[in-house]
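Counting convention: from 1, in listed order, for ligands and their atoms alike. On a predicted model such as this, the values are computed, not experimentally measured, just so you know. Every heavy atom of this structure was used, including side-chain atoms; hydrogens, water molecules and symmetry mates were not.
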Amino acid sequence: MAMAIICSGGDAPGMNPAIKKFVDYAFKLGEKPYFIYDGLEGLIDNKIKEATHHDVAGIVHIGGTILRSSRSKRFFDPAFRKQAFDNLNAHGINGVIVLGGDGSFRAFEVFSSEYPISFVGVPSTIDNDINGTQYCLGVDTSLNVIRDALDKIRDTAASFNRAFLVEVMGRDCGYLAVVSAMISGAEVCVIPEVPFEPQRIEARLKDEVAHGRNYILAIVSEGAKKTREVFDWLQDNIGLETRVSILGHIQRGGNPTVYDRLMAFEFVVRGMDYLRQNAHANKVVVFNNGEYSFIDIKEVAGKRYQLPQHYIDAISYLD
Ligand code: F6P
């Protein structure tokens, strides 16, 4: 079997260590590793090349992905999937490690139902919103980037009489926001999963401000779509001059942490072993309660990720 690796959808820190492990482990197994560049777009356009040790030298500590990625609309078109299969076939590739999210896994499931292509998905997104796994590659690095930003924002917030509202990524999932709020001691956290009810905390915060609290840190998840509302509330109701920082794509960058490098290695080695042992793998390697396992794409893509209750409860500890 010849195996390839592809990154699809949003990049995540940890992809490069995964790519390096993929190449090193393939050589150890005596197999030819292939790279697919530019995600599904590159698969359609035959941006496929045999990988060498040289390609992965010095990449383990770098964020993003040396293979680059894309969000492909063309792959929805059966004619382009046929073209993609012809490209893989021409290289003798029949197994693919897919670093991506549920959308990418769904695309590969359709692809592998049409053509003799086997794949294993490695959950990779800073959002930690893939159903069936407690951990996705990139999350720890992203949380550390956010932590670093919040520590710095707190320095300046503490030097003025101000509220700071920090909007964090996460798509429709509040995971990054809740964890960041917990570890930064934020006073307010707003996530899509919990209705924003300012009246629950308003009286207490106003009282604290009246008795000497001179700054407030509020974390708002992008998916809540409440940034403007929370800003107005802090400024008009709580009565603190307010500044907004939207952290944006810096949350997707940065050198992968120790944890993301280790998780990259574990996910990839297990994924490759599974591919070799199963002619029609078509699974996602997941991590739950300290254990790795393989689950069906349907389980991953068919259900929406539910933020565990203890994170939802954590919001009320801030009250
Ligand atoms: O899924 C990762 C993510 O960074 C989300 O947190 C964010 O909503 C989205 O991707 C941004 O996508 P893009 O990079 O295409 O703007």
Quiz prompt | Sequence neighbours excluded, every pair satisfying side-chain hydrogen bond (donor to acceptor under 3.5 Å, both in side chains) that has a member inside residues 269-280 | solution = Y25-D273, E31-R276, E266-R270
Is there any protein N/O under 3.5 Å from an N/O of ligand 1, and what does the full list of such pairs look like?
unit_1   : atom_1 : unit_2 : atom_2 : d
ligand 1 : 1 (O)  : D127   : OD2    : 2.6
ligand 1 : 1 (O)  : R171   : NH2    : 3.2
ligand 1 : 4 (O)  : R252   : NH1    : 2.9
ligand 1 : 6 (O)  : D127   : OD1    : 2.6
ligand 1 : 6 (O)  : G170   : N      : 3.3
ligand 1 : 6 (O)  : E222   : OE2    : 3.4
ligand 1 : 8 (O)  : E222   : OE2    : 2.5
ligand 1 : 10 (O) : R71    : NH2    : 3.4
ligand 1 : 10 (O) : R171   : NH2    : 3.4
ligand 1 : 10 (O) : R252   : NH1    : 3.1
ligand 1 : 12 (O) : R71    : NH2    : 3.1
ligand 1 : 14 (O) : H249   : NE2    : 2.8
ligand 1 : 14 (O) : R252   : NH1    : 2.7
ligand 1 : 14 (O) : R252   : NH2    : 3.2
ligand 1 : 15 (O) : R71    : NE     : 3.1
ligand 1 : 15 (O) : R71    : NH2    : 3.2
ligand 1 : 16 (O) : H249   : NE2    : 3.3

Practice problem: Scan for side-chain hydrogen bond (donor to acceptor under 3.5 Å, both in side chains) pairs involving residues 62-75, sequence neighbours excluded, and state none if there are none. | Solution: D38-R68, E41-S72, E41-R74, D45-R74
Practice problem: Inspect the contact between K303 and E299 and indicate whether a charged nitrogen and a carboxylate oxygen are less than 4.0 angstrom apart. | Solution: no
Quiz item: Would you call R147 and D151 a salt bridge, using N to O less than 4.0 angstrom?
Solution: yes
Exercise. Might you confirm whether atom CZ of F27 has over 12 heavy atoms from other residues, nucleotides or ligands at distances under 6.0 Å?
Key: yes
Practice problem: Name all pairs fulfilling the side-chain hydrogen bond (donor to acceptor under 3.5 Å, both in side chains) condition that reach into residues 84-97, sequence neighbours left out, sorted by first residue then second. | Solution: K82-D86
